[in-house]
Number of protein chains: 2
Amino acid sequence: MKSAKQIILRLFQYREFLMRAKSIGIKNVYSDTLAEALGSTATQVRKDFSLFGITGNKRAGYKLDDLLSQLSELLGKNQKQKIIIAGAGNLGKALMQYDGFKKEGIEIVALFDNDPVKVNIESSPPILPIERLFEFIGKNKINLGVIAVPYFAAQQMLDLMILAGIKGVLNFAPISLKSPKDFFINDINLRLELETVAYFIKPLKQED
Amino acid sequence: MKSAKQIILRLFQYREFLMRAKSIGIKNVYSDTLAEALGSTATQVRKDFSLFGITGNKRAGYKLDDLLSQLSELLGKNQKQKIIIAGAGNLGKALMQYDGFKKEGIEIVALFDNDPVKVNIESSPPILPIERLFEFIGKNKINLGVIAVPYFAAQQMLDLMILAGIKGVLNFAPISLKSPKDFFINDINLRLELETVAYFIKPLKQED
DNA sequence: ACAGTAATGTGAAATATTTCACATTACTGT
DNA sequence: ACAGTAATGTGAAATATTTCACATTACTGT
Ligand SMILES: NC(=O)c1ccc[n+]([C@@H]2O[C@H](COP(=O)([O-])OP(=O)(O)OC[C@H]3O[C@@H](n4cnc5c(N)ncnc54)[C@H](O)[C@@H]3O)[C@@H](O)[C@H]2O)c1
Ligand SMILES: NC(=O)c1ccc[n+]([C@@H]2O[C@H](COP(=O)([O-])OP(=O)(O)OC[C@H]3O[C@@H](n4cnc5c(N)ncnc54)[C@H](O)[C@@H]3O)[C@@H](O)[C@H]2O)c1
């Protein structure tokens with residue numbers, strides 16, 4: 001099984017749509033429905049399912065509840081996920097205040113910062129001094145971290161997290177981090193994502 | 001020329017690294033240097049360049065300044081880019097306060113919100129009432145927008161932006177938006193990005 | 001001056017991903 | 001009861017992307 005990041009992201013998107021469809025009372029969907037919703041194709045949808053052994057009903061599409069539970073199981077959404085965030089700046093706090101994680105079983109259990117002004121053990125989740133990161137990860141068996149510190153602090157933060165037992169991170173620092181092969185890093189560089197849009201909307205010169 | 005989003009993103013990453021390398025006094029780089037820096041391969045780097053007609057010096061790699069200016073030209077970084085943000089919530093404000101855009105020629109000229117409490121025409125950039133979005137885009141010839149409103153408001157926001165003359169958006173709302181074919185949308189769903197990491201660090205069952 | 005070599009640049013091969021084409025199947029309607 | 005059909009599921013084909021292999025070239029060192 002390859003499970004490239006792309007396919008997994010699509011499976012999450014299918015699930016996302018299905019949950020919304022369920023909430024408005026829909027009971028059955030077709031590969032076509034999913035395709036339409038994501039701007040993809042019906043074949044793509046069925047191929048994705050086929051790759052993971054997810055099946056529907058010939059002629060009658062997919063029972064929404066069944067499909068949803070198959071996807072949830074596959075994607076590991078039946079377990080809760082605790083995460084910590086390194087860096088309680090603009091982005092760290094935006095994530096902290098976002099209310100969309102909880103209902104998907106993602107709990108931000110703490111943020112960490114080296115700026116005493118940012119520290120606030122009373123907030124929910126608490127913002128703790130960075131010195132407590134290592135111990136906290138171990139004690140609470142956290143395996144997923146978010147890196148929202150400036151780029152020059154990102155590698156040391158990652159090293160510390162790895163040492164403490166973290167297995168994968170979502171990294172917002174605009175720098176390519178080094179890690180062991182079995183460690184999973186998902187890099188998101190928001191500025192580059194913005195610049196990419198800018199590139200594609202530029203009037204083309206003589207490209208063909 | 002295909003110019004898939006992926007390649008363009010890599011070109012931006014090369015540029016990113018080169019700027020940092022330049023700042024520490026490096027004058028020459030090799031495809032190997034770039035590959036190492038991004039966790040890619042030297043062939044990939046040269047192939048990417050080759051596809052866009054970027055050339056170096058056989059045997060002597062690339063002169064950093066030359067390469068940088070070729071990439072900058074190609075990626076359209078010689079022009080400034082003005083952008084607006086719809087939604088001055090957690091994420092909109094995080095972007096507003098981020099200081100890394102300006103030095104890359106990206107200027108957030110205004111945010112827009114329908115919550116009077118959020119509006120602040122004195123801030124820099126100003127947070128304006130949503131009613132002014134349409135007129136503002138037209139007057140200031142903005143062609144790039146960011147969607148940072150809740151998902152239920154995202155499509156109407158996009159429609160409005162398109163009507164006003166926007167050519168592409170970075171969309172944070174967790175929903176697949178409909179737009180004309182020649183309109184460019186870059187979707188970023190932060191929750192799914194986090195869930196993807198969670199998926200990959202799960203102890204595998206019997207996948208092979 | 002020139003041999004050795006370490007780099008680029010790029011077709012071709014390999015691999016990954018998407019799309020096509022169609023056999024299979026179960027529902028629907030009479 | 002059964003013919004028609006509208007859907008799935010999936011090998012095979014097509015396409016896209018990455019990697020290989022190596023000819024070319026210009027620098028380096030003597
Ligand atoms: N905010 C954005 O819109 C945006 C856009 C693109 C990229 N990014 C990147 O995301 C990351 C976070 O951005 P931000 O805007 O939240 O930055 P920020 O400066 O607002 O916050 C960074 C936080 O990290 C803390 N910090 C610094 N060094 C630390 C250390 N060694 N240990 C612990 N904490 C430390 C700081 O005290 C601060 O609170 C940065 O790498 C930034 O380049 C952010
Ligand atoms: N903050 C995060 O970490 C995070 C994570 C994942 C996804 N998202 C997505 O990003 C988007 C923004 O998230 P956020 O956390 O900033 O949300 P938020 O609720 O903090 O901010 C949304 C803002 O949009 C404004 N708004 C609502 N309807 C509007 C309308 N019709 N016109 C103009 N303004 C309107 C609200 O007043 C608010 O200020 C949302 O779609 C959210 O689902 C955010």
Side-chain angles (χ1 to χ4, degrees), chain A residues 1-14 17-18 21 26-71 74 176 181 196 200 207-208, chain B residues 1-14 17-18 21 26-71 74 176 181 196 200 207-208:
Chain A
M1 188 80 56
K2 249 302 104 82
S3 27
K5 192 188 145 191
Q6 266 177 107
I7 296 192
I8 298 301
L9 199 54
R10 282 204 301 268
L11 294 180
F12 274 111
Q13 287 171 332
Y14 299 142
F17 170 79
L18 292 173
I26 292 175
K27 298 266 184 285
N28 277 279
V29 295
Y30 304 95
S31 51
D32 232 11
T33 324
L34 275 311
E36 159 83 0
L38 309 213
S40 171
T41 66
T43 319
Q44 173 79 270
V45 173
R46 294 201 302 274
K47 184 59 114 185
D48 285 346
F49 290 170
S50 159
L51 257 27
F52 287 88
I54 292 177
T55 61
N57 320 301
K58 286 243 170 70
R59 179 70 216 268
Y62 303 82
K63 282 163 83 176
L64 196 150
D65 285 330
D66 281 6
L67 185 53
L68 202 46
S69 71
Q70 283 185 83
L71 282 171
L74 176 70
S176 161
K181 273 174 310 310
T196 301
F200 281 105
E207 299 193 32
D208 51 349
Chain B
M1 187 80 56
K2 248 305 100 85
S3 27
K5 193 186 144 192
Q6 267 177 105
I7 297 192
I8 299 300
L9 199 54
R10 282 203 301 267
L11 294 180
F12 274 112
Q13 287 170 332
Y14 299 140
F17 170 79
L18 292 173
I26 291 174
K27 298 267 185 284
N28 277 280
V29 296
Y30 304 95
S31 51
D32 233 11
T33 324
L34 274 313
E36 160 83 1
L38 308 213
S40 171
T41 67
T43 319
Q44 173 80 271
V45 173
R46 294 201 301 276
K47 186 58 117 183
D48 285 346
F49 289 171
S50 158
L51 256 28
F52 286 87
I54 292 177
T55 61
N57 319 301
K58 286 241 169 72
R59 180 69 216 266
Y62 303 81
K63 282 163 81 176
L64 196 148
D65 285 330
D66 282 4
L67 185 52
L68 201 46
S69 69
Q70 283 184 85
L71 282 171
L74 176 70
S176 162
K181 276 176 306 309
T196 301
F200 281 106
E207 301 193 30
D208 51 348

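Each chain gets a letter, A, B and so on, in the order its sequence line appears, and its residues count up from 1.
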Value in whole Å for how far the [atom2] atom of [N] lies from [atom1] of [X]:
X        : N       : atom1 : atom2 : result
Asn28(A) : dT8(D)  : CG    : P     : 11 Å
Asp48(A) : dT17(C) : CG    : C1'   : 10 Å
Gln44(A) : dA16(D) : CD    : C1'   : 13 Å
Phe52(B) : dT10(C) : CZ    : P     : 14 Å
Leu67(B) : dG9(C)  : CG    : C1'   : 14 Å
Asp32(B) : dA7(C)  : CG    : P     : 7 Å
Ile54(A) : dA7(D)  : CD1   : P     : 20 Å
Leu51(A) : dT10(D) : CG    : C1'   : 10 Å

Phe200(A) side chain near Lys5(B) side chain, heavy-atom distance below 4.5 Å: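 Yes, side chains in contact.
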
Does [X] put a side-chain nitrogen or oxygen below 4.0 Å from OP1 or OP2 of [N]?
X        : N       : result
Thr43(B) : dT19(D) : no
Arg10(B) : dT17(D) : no
Ser50(B) : dT10(C) : yes
Gln6(B)  : dT18(D) : yes
Ser31(B) : dT8(C)  : yes

So, for [X] and [Y], which heavy atoms are closest and what is the spacing to 0.1 Å?
X        : Y         : answer
Gly39(A) : Ser176(B) : N-OG, 4.3 Å
Ser31(B) : Arg46(B)  : OG-NH1, 3.0 Å
Leu64(A) : Ile26(A)  : CD1-O, 3.4 Å
Ala35(B) : Ala42(B)  : CB-N, 3.3 Å
Arg10(A) : Asp48(A)  : NE-OD2, 2.7 Å
Leu38(A) : Gln13(A)  : CD1-CB, 3.5 Å

Heavy-atom protein contacts under 4.0 Å, nucleotides 22-30 of chain C, coded B base, S sugar-phosphate only, - none: --BBBB---

Candidates Phe49(B), Tyr14(B), Tyr30(B) - the one meeting ring-ring contact (aromatic ring centres under 6.0 Å, His included) with Tyr62(B):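 Exactly one pass, corresponding to Phe49(B).
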
Test log, rule side chain to side chain contact (heavy atoms under 4.5 Å, CB included), inputs Leu34(B) and Leu18(B): CA-CA 8 Å; Leu34(B) 274 313; Leu18(B) 292 173; 4.1 Å; yes

Selection from dT10(D), dG9(D), dA12(C) that lies nearest to any side-chain heavy atom of Lys47(A):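 Selected nucleotide: dT10(D).
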
Proximal nucleotide (of dT8(C), dT17(D), dA12(C)) relative to the Tyr30(B) side chain: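 It is dT8(C).
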
Point-to-point distance, once rounded to the nearest 0.5 Å, from CG of Leu11(A) to CG of Leu74(A):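 Atom-to-atom, Leu11(A):CG and Leu74(A):CG are 6.0 Å apart.
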
Sugar-phosphate only, base, or nothing, as touched by Tyr62(A) at under 4.0 Å among non-hydrogen atoms: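 Sugar-phosphate contact only.
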
Paired stretches of DNA chain D - 3 or more consecutive Watson-Crick or G-U pairs, each distance under 3.5 Å: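 For DNA chain D the paired stretches long enough to count as stems (3 pairs minimum) are C:1-30 with D:1-30.
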
